[in-house]
Amino acid sequence: MQKIANFIRDTQNSLAARVKITALKRPIKLVAGADASCYGNNIIGSACLFTYPSLDKLDKIDESIVIQETDFPYIPGFLSFREAPALIGAIKGLRHMPDAIIVDGQGIAHPRRIGLASHIGVLLDTVTLGAAKSRLIGTYEEPGMEKGSRSPLFDSAECIGVVLRSRTGVRPLFVSPGHLIDIDGAVDMVLSCLSRYRLPEPVRCAHNAASAARQQREAILLGPPSE
DNA sequence: GCGACAG
DNA sequence: ATCTTGTCGC
C-alpha cells in the first residue's frame with residue numbers, strides 16, 4: 001500500500017535525473033500547447049500546434065484530442081501520473097511532432113524538479129516548458145503590474161523559474177523550463193506566444209479545445225435534451 | 001502537529 | 001479541474 005507511494009516517488013526521481021536544463025540547441029519552428037480537462041474518471045488531453053515564431057499572426061496548423069480513463073487522483077506534486085498519459089497521447093496524435101511544447105503546469109518548479117512539463121519532456125525527449133496559472137512551490141516578490149514584468153521564483157537559494165505578468169493587470173504566470181531549455185529561453189518563448197490573453201496562445205487553444213470536448217461528451221452522456 | 005498544495 | 005450570475009473595469 002505505502003510501497004506504491006514509494007514506487008511512484010522513485011519513478012519520479014529517476015525521471016528527474018534525466019531532465020536537462022540548457023539553452024535551446026535548435027531553432028523552434030513548431031510549437032504545441034498542451035492542456036487537459038476532466039469529467040468523472042476521464043481525462044481529456046488536448047494539443048494544438050502552431051508555427052513559431054508566431055510574431056503577429058498566429059498560425060494554428062493542427063489540433064489533437066484524446067480521452068483516457070484514469071484511477072489516479074489529483075495529488076499536488078504528482079499531477080503527471082494523472083495527466084501526462086493523456087497529454088502525451090494528444091501530442092502523438094498531431095500530424096507533426098512539435099519542436100517545443102508549452103504545458104499548462106510546472107516545469108522544474110516542483111519539489112523534485114519534475115513537474116508535468118518536465119515529465120513529458122523527458123518521456124518524449126522534446127523541448128518543453130511549463131506555464132502554470134498558480135504556484136506549486138517557491139517564493140517570489142510580486143512582479144510589476146505591467147505586461148512583461150517579472151521576478152525570479154526561488155526554492156531556497158535556487159532559481160527555479162520566473163513569475164511573469166503575461167498581461168497588464170492580471171494574475172502572473174509561473175514559468176519554468178521543462179526539458180532541453182533554460183529559464184530565459186522559457187520566458188522568451190512564452191512572451192512570443194502571447195496575444196491578448198493571459199495564457200500563451202497554444203495553451204489557450206488547447207484549453208478551449210479540451211473543455212469543448214468535455215462539454216460535448218457530457219451532452220452525449222446526458223442524452224438529447226428533453227422538456 | 002499545522003499549513004501549503006500545479007490541475 | 002469543476003460547480004456558477006452578475007458585475008466591475010478597461
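Every chain is numbered from 1, with letters handed out A, B, ... down the list of sequences.
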Task: dG7(B) phosphate, OP1 or OP2, under 4.0 Å from S37(A) side-chain N/O - done: no
TODO: Would you kindly give the OH-to-P distance between Y39(A) and dG7(B), to the nearest whole Å?
DONE: 21 Å
Task: Pairwise side-chain contact, K25(A) with L180(A), heavy-atom cut-off 4.5 Å (strictly under) - done: no
Task: Under-4.0 Å side-chain N/O to phosphate OP1/OP2 contact, R135(A) with dC5(B) - done: yes
- [ ] Round to a whole Å and report the spacing from CG of L87(A) to C1' of dA1(C).
- [x] 13 Å
- [ ] Mark this stacking check for Y74(A) against dG7(B) as yes or no, applying ring centres under 5.5 Å and ring planes under 30°.
- [x] yes
TODO: Select base, sugar-phosphate, or nothing to describe what H207(A) touches, counting heavy atoms under 4.0 Å on all strands.
DONE: sugar-phosphate
- [ ] Report which part of the nucleic acid F72(A) touches: base, sugar-phosphate, or nothing (heavy-atom distance under 4.0 Å, all strands).
- [x] nothing
- [ ] Round to a whole Å and report the spacing from CZ of R198(A) to C1' of dA6(B).
- [x] 12 Å
TODO: Take the protein atom CZ of F174(A) and the nucleotide atom P of dA6(B), then report the distance between them rounded to whole Å.
DONE: 10 Å
Open item on the list: Please report the distance, rounded to the nearest Å, between CD in E146(A) and C1' in dC10(C).
Closed with: 13 Å
Open item on the list: Can you tell whether the side chains of E142(A) and R165(A) come within less than 4.0 Å, N to carboxylate O?
Closed with: yes
Open item on the list: Please determine whether a side-chain nitrogen or oxygen atom of R214(A) lies at a distance below 4.0 Å from atom OP1 or OP2 of dA1(C).
Closed with: no
Open item on the list: Rounded to whole Å, how long is the line connecting atom CG of L136(A) with atom C1' of dA6(B)?
Closed with: 5 Å
- [ ] May I ask you to check if R204(A) and Y197(A) form a cation-pi contact, with NZ or CZ under 6.0 angstrom from the six-membered ring centre and within 45° of the axis?
- [x] yes
TODO: Describe the nucleic acid contact of Q106(A) in one word from base, sugar-phosphate, nothing, applying a heavy-atom distance below 4.0 Å.
DONE: base
Task: Check: E158(A) main-chain N/O paired with S156(A) side-chain donor or acceptor under 3.5 Å - done: no
Task: Length of the line joining N208(A):CG and dA1(C):P, which is rounded to integer Å - done: 11 Å
Open item on the list: Heavy atoms only, 4.0 Å cut-off, all strands: where does G77(A) land among base, sugar-phosphate and nothing?
Closed with: base
- [ ] Indicate whether OP1 or OP2 belonging to dA1(C) is found under 4.0 Å from a side-chain N or O atom of S211(A).
- [x] no
Open item on the list: Determine whether the aromatic ring centres of residues F72(A) and F78(A) are separated by less than 6.0 angstrom.
Closed with: no
- [ ] May I have the distance from I43(A) (atom CD1) to dT2(C) (atom C1'), rounded to whole angstrom?
- [x] 12 Å
Open item on the list: Please confirm whether the shortest side-chain N or O distance from K133(A) to OP1 or OP2 of dG7(B) is below 4.0 Å.
Closed with: yes
